[in-house]
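Worksheet: the structure to be examined is printed underneath.
On a predicted model such as this, the values are computed, not experimentally measured, just so you know.
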2 protein chains.
Amino acid sequence: MAQHPSHQDESHHVGHDQDHSHDHNHNHCIDSALATAETLCIEQGQRLTKVRRRALELIWESHRPLGAYQLLAKLAEEGFNSAPPTVYRALDFLLGAGLIHKVESMNAYLGCAHADKAHKGYFLICDECHNVMEFDYQDIHAALIAKAAQQGFELRAETIELTGLCAECKATNTSAANTQGTRT
Amino acid sequence: MAQHPSHQDESHHVGHDQDHSHDHNHNHCIDSALATAETLCIEQGQRLTKVRRRALELIWESHRPLGAYQLLAKLAEEGFNSAPPTVYRALDFLLGAGLIHKVESMNAYLGCAHADKAHKGYFLICDECHNVMEFDYQDIHAALIAKAAQQGFELRAETIELTGLCAECKATNTSAANTQGTRT
DNA sequence: ACAATTTTGTTATGATATAACAATTGAATC
DNA sequence: GATTCAATTGTTATATCATAACAAAATTGT
Ligand SMILES: [Zn+2]
Ligand SMILES: [Zn+2]
Ligand SMILES: [Zn+2]
Ligand SMILES: [Zn+2]
């Protein structure tokens with residue numbers, strides 16, 4: 001529930017080596033996320049089964065949020081059952097364990113790099129390249145709690161999804177002097 | 001895009017006379033919203049046709065956010081065409097005109113009481129009674145813009161949806177001394 | 001009246017998500 | 001190891017949310 005102070009105001013850029021040569025090959029992120037997942041599941045007596053584990057890997061391997069049916073297709077390719085409940089069960093498990101977030105405005109799922117710290121995901125979503133950056137902003141969190149409390153509202157969960165143009169796409173659009181402006 | 005300062009930090013409680021005797025019969029809200037809609041559409045050379053107008057009324061008459069197919073059913077009862085495009089077209093029009101908001105986390109649509117001022121809706125959503133309160137919080141808006149700008153991100157749209165327990169439900173739950181705590 | 005534009009009707013399909021129940025697997029106990 | 005119980009997965013069906021494509025009708029401007 002409470003956000004951890006350790007990476008307050010820090011951002012973690014998720015998905016960033018799609019096409020345009022940001023070649024941070026993020027195997028490190030994946031390995032780290034999987035290791036965290038193992039640890040957390042063991043600690044909590046949860047079972048990170050094959051399909052759950054592979055689903056988590058596939059979500060991380062995707063460089064942007066992955067839809068449930070996209071994930072299902074990938075799992076099916078690898079011999080897992082191809083019916084929807086398979087993927088939704090895996091997603092429910094991973095969401096419950098805090099290992100992934102759902103981006104409501106995209107109906108898509110994204111690995112969380114800070115699964116070990118309970119928090120809600122705040123996202124910056126680029127309209128252009130569809131990359132998503134998760135950020136943690138303690139000030140906003142506190143302000144939202146306070147604002148809700150003013151209304152007598154007890155805050156439990158937050159969906160904060162900001163869309164717009166990321167730095168790279170803004171640079172590209174500007175420098176390329178493209179005529180179509182900010183397309184979608 | 002910019003939120004207007006006039007109702008900064010003010011909240012408008014949407015949907016509040018459902019069952020438990022908050023008998024603000026909100027005909028006033030509906031009438032006011034419809035009048036605003038007329039004015040806005042005329043000003044902008046937009047046509048508030050029968051189906052669009054009735055859709056807006058029905059959304060307002062509902063005391064909580066209305067799903068597209070719920071709305072479609074109501075329209076169909078009244079002799080409008082009952083195929084999905086009918087309702088999605090009306091919703092698109094109303095969204096475009098700023099007369100309603102979509103609550104992403106509920107896939108539902110809600111009348112906006114401040115359609116005359118361009119803004120994004122910020123919502124408090126009760127897990128218990130499903131009422132939704134729209135609030136406007138200039139401080140948070142400014143902080144989000146600043147935070148995004150720090151990352152080089154140009155903010156275009158915001159989805160801010162907070163869930164939890166509203167004041168009434170908190171009171172009910174507490175006073176009823178229910179054993180189940182904060183269920184859901 | 002005529003043409004151009006917008007809106008609506010209609011059919012079909014895509015995309016996202018869950019219900020219900022059976023079969024299998026895993027872990028704990030006997 | 002066999003037994004039992006709970007958790008997980010398989011399977012079929014369906015619910016829910018949303019859009020594509022094209023035809024028909026209504027509205028607007030001339
Ligand atoms: Zn996270
Ligand atoms: Zn981008
Ligand atoms: Zn509003
Ligand atoms: Zn409530």
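Taking 4.0 angstrom as the limit, B:Asn107 places a side-chain polar atom (N or O) nearer than this to OP1 or OP2 of D:dA18. B:Tyr88 has a side-chain polar atom (N or O) that falls below the 4.0 Å cut-off from OP1 or OP2 of D:dA18.
Within 4.0 Å of B:Phe93, counting heavy atoms only, lies no atom of the nucleic acid at all. In this structure, A:Tyr109 reaches the sugar-phosphate backbone alone: every heavy-atom distance under 4.0 Å involves primed, P, OP1 or OP2 atoms, never a base. Residue-level contact check: B:Lys50 touches neither bases nor backbone, having no heavy atom under 4.0 Å from any strand.
Atom CG in A:Leu72 sits about 14 Å away from atom P in D:dT9, given to the nearest Å. For B:Gln70 and D:dT16, the CD to P distance is 10 Å, given to the nearest whole Å. For the pair A:Tyr69 OH and D:dA15 P, the computed distance is 14 Å after rounding to whole Å. Atom CE of B:Met106 is separated from atom C1' of D:dT16 by 14 Å (rounded to the nearest Å).
Listed candidates were D:dT8, D:dA18, D:dG10. Nearest to the side chain of A:Thr86 is D:dG10.
Judged by closest nucleotide on DNA chain D, A:Thr49 is the one of A:Thr49 and B:Gly67 placed further toward the 5' end. Both A:Pro84 and A:Arg52 lie near DNA chain D, and the one whose nearest nucleotide falls closer to the 5' end is A:Arg52. Comparing B:Ala83 and B:Val51 against DNA chain C, the residue whose closest nucleotide sits nearer the 5' end is B:Val51.
A donor-acceptor pair is defined here as one N or O able to donate and one able to accept, closer than 3.5 Å; no such pair exists between the side chain of B:Ser32 and the backbone of B:His28. With hydrogens and angles ignored, the 3.5 Å screen pairs no side-chain donor or acceptor of A:Arg52 with any backbone N or O of A:Leu94.
Under the 3.5 Å distance criterion, with hydrogens and angles disregarded, a donor-acceptor pair is assigned to the side chains of B:Ser105 and B:Glu161. For A:His119 and A:Glu134, the side-chain atoms include at least one donor-acceptor pair closer than 3.5 Å. Checking A:Thr86 against A:Asn81 by side-chain atom types alone, a donor-acceptor pair falls below 3.5 Å.
Checked against the 6.0 Å centroid criterion, the rings of A:Tyr137 and A:Tyr122 do not qualify as a close aromatic pair. Ring centroid separation for the pair A:His114 and A:His101 does not come in under the 6.0 Å cut-off.
Running 5' to 3' along DNA chain C, contacts with non-hydrogen atoms of chain B at under 4.0 Å begin and end at C:dT6 to C:dT11.
B:Arg54 has a carboxylate O that lies under 4.0 Å from a charged side-chain N of B:Glu61, or vice versa, which qualifies the two as a salt bridge.
Counting only heavy atoms from C-beta outward, the side chains of A:Leu124 and A:Asn131 never approach each other to under 4.5 Å.
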For every nucleotide of nucleotides 22-30 of chain D, 5' to 3': is a protein heavy atom under 4.0 Å from its base (B), only from its sugar-phosphate (S), or from neither (-)? B----S---
